Asks: 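This is the structure I want to talk about, given as structure tokens.
Because the structure is predicted, anything quoted here is derived from the model rather than measured.
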Amino acid sequence: MMKETLFNLIRKGHYNISVYTAEIFERRCQEEIIRSDEDKSSFVYLEFGFESIRAALKTEEDNEIFWDLFLAAIVKNGRGCDLIGFLENETGIGMLLLDSKIEGWIRVKGRIEQTAIAASFDQMESVLTNLVKPIVYPACVQEPLASGN
């Protein structure tokens with residue numbers, strides 16, 4: 001259901017945005033881990049769960065407003081290298097902020113919140129703060145212990 005809602009919002013807003021299928025998004029995440037390891041770079045992984053966001057917003061109208069403002073902010077302020085895709089079983093949207101650290105998420109979060117403030121939608125900050133937990137790779141992976149060799 002949310003998949004169709006998102007695609008309708010993308011069409012309605014004439015947003016030039018691509019959302020990967022869950023399978024392709026998972027593959028891109030794996031490729032990014034390999035690339036980051038090789039390049040000694042980092043990225044931020046984010047999940048936006050449909051059910052948790054819907055529950056926090058209470059009404060279907062607020063849920064649609066949330067996603068419309070989210071998409072508008074991403075299109076307006078997004079970088080061409082950031083990736084968006086469905087999570088497994090289409091339970092939400094995942095996002096990769098490539099070549100970023102936590103500051104990248106803070107900037108994106110701020111831009112989404114600014115878009116919501118301009119539209120008088122005061123629930124955005126609470127949802128993003130309480131329900132979206134950024135994971136920074138490779139900082140989320142404990143460094144292997146050095147061997148005695």
Asks: Other residues, nucleotides and ligands only: do more than 12 of their heavy atoms fall within 6.0 Å of CD on Glu26?
Replies: no
Asks: State whether the number of non-hydrogen atoms from other residues, nucleotides or ligands found under 6.0 Å of Asn16 atom CG is greater than 12.
Replies: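 Result for CG/Asn16: open.
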Asks: Find the distance between CG (Leu96) and CD (Glu32) and round it off to the nearest 0.5 Å.
Replies: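 With rounding to 0.5 Å, CG (Leu96) is 6.5 Å from CD (Glu32).
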Asks: Using only atom types and a distance under 3.5 Å, with no angle test, would you say the side chain of Asn63 pairs donor to acceptor with the backbone of Thr59?
Replies: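 It does not hold such a pair.
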Asks: A side-chain contact here means heavy atoms from C-beta on lying under 4.5 Å apart; do Pro138 and Ser42 qualify?
Replies: yes
Asks: In Å and rounded to the nearest 0.5 Å, what is the SG to CE distance from Cys29 to Met95?
Replies: 12.0 Å
Asks: Is any side-chain heavy atom of Phe43 less than 4.5 Å from a side-chain heavy atom of Asp99?
Replies: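 No. Closest side-chain heavy atoms not under 4.5 Å.
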Asks: Which atom names give the shortest non-hydrogen contact between Leu46 and Val132, and what distance separates them?
Replies: CD2-CG1, 3.9 Å
Asks: Taking everything shown except Glu61 itself, do over 12 heavy atoms lie less than 6.0 Å from its CD?
Replies: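 No - once you tally the heavy atoms of other residues, nucleotides and ligands closer than 6.0 Å, there are 12 at most.
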Asks: Let me confirm one number: the CD-CG distance from Gln123 to Asn130, rounded to the nearest 0.5 Å.
Replies: 12.0 Å
Asks: Please answer whether the main-chain N or O of Thr129 pairs with a side-chain N or O of Lys133 as donor and acceptor at a distance below 3.5 Å.
Replies: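 Confirmed, Lys133 side chain pairs with Thr129 backbone.
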Asks: If every non-hydrogen atom of Tyr137 is compared with every non-hydrogen atom of Asp37, which pair is closest and at what distance?
Replies: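 Distance-wise, the nearest heavy atoms are OH-OD1, 2.8 Å.
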Asks: Could you tell me the separation between the CD atom of Glu125 and the CD atom of Gln114, rounded to the nearest 0.5 Å?
Replies: 11.5 Å
Asks: Has the side chain of Ser100 got a donor or acceptor atom that lies under 3.5 Å from a matching backbone atom of Leu98?
Replies: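 Yes, the answer is positive, given that a donor and an acceptor are paired below the 3.5 Å cut-off.
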Asks: Verify the cluster assignment for Leu87 and Ile135: are they in a single hydrophobic cluster under the rule of side-chain heavy atoms below 4.5 Å apart?
Replies: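 Same cluster: Leu87 reaches Ile135 through Ile, Leu, Val, Met, Phe, Trp or Tyr contacts under 4.5 Å.
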Asks: Go through the steps for Phe25 and Phe86 under the test ring pair (Phe, Tyr, Trp, His ring centres under 6.0 Å), then give the verdict.
Replies: CA-CA 7 Å; Phe25 185 68; Phe86 287 103; 9.3 Å; no
Asks: Sequence neighbours excluded, which residues qualify as side chain to side chain donor-acceptor pair (under 3.5 Å) partners of Glu47?
Replies: Tyr45
Asks: Mind checking whether Tyr15 and Asp68 have side chains closer than 4.5 Å, heavy atoms only?
Replies: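 Answer yes - side chains close enough.
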Asks: Shortest non-hydrogen contact from Val19 to Gly85?
Replies: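 Result for this residue pair: CG1-CA, 3.9 Å.
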Asks: Would you call Lys109 and Glu113 a salt bridge, using N to O less than 4.0 angstrom?
Replies: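 So Lys109 pairs with Glu113 through a salt bridge.
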Asks: Which heavy atom in Leu69 sits nearest to a heavy atom in Ala116, and how many Å separate them?
Replies: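 Smallest interatomic distance, heavy atoms only, reads CD1-CA, 3.9 Å.
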Asks: Please check if Ile117 and Leu128 belong to a single hydrophobic cluster, counting links between Ile, Leu, Val, Met, Phe, Trp and Tyr side chain heavy atoms closer than 4.5 Å.
Replies: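 No, no single cluster joins them.
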Asks: Any side-chain heavy atom of Arg54 within less than 4.5 Å of one from Met2?
Replies: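 A side-chain contact under 4.5 Å exists here.
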Asks: At their closest point, which heavy atom of Pro134 faces which heavy atom of Ile102, and how far apart are they?
Replies: CG-CD1, 3.5 Å
Asks: Would you say that Trp67 contacts Thr5 through its side chain, given a criterion of any heavy-atom pair below 4.5 Å between the two side chains?
Replies: no
Asks: Below 4.0 angstrom, N of the basic side chain to O of the carboxylate: do Arg35 and Glu38 qualify?
Replies: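 Between Glu38 and Arg35 there is no salt bridge, as every charged N stays at least 4.0 Å from the carboxylate O atoms.
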Asks: How close do Arg28 and Leu83 get, heavy atom to heavy atom, and via which atoms?
Replies: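 Heavy atoms only, the tightest pair is NH2-CD1, 3.2 Å.
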Asks: If you round to the nearest 0.5 Å, how far is CD1 of Ile112 from CD1 of Ile74?
Replies: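 Output value for this atom pair is 4.0 Å.
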Asks: When Phe70 is tested against each of Phe48, Phe50, Phe121 for ring-ring contact (aromatic ring centres under 6.0 Å, His included), which residue passes?
Replies: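 Output: one option passes, namely Phe48.
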Asks: Should we count CD of Glu88 as having more than 12 external heavy atoms under 6.0 Å?
Replies: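 No, CD of Glu88 has 12 or fewer neighbouring heavy atoms, counting only those of other groups under 6.0 Å.
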Asks: Roughly how far, to the nearest 0.5 Å, is the CD1 atom of Ile10 from the NZ atom of Lys12?
Replies: 12.5 Å
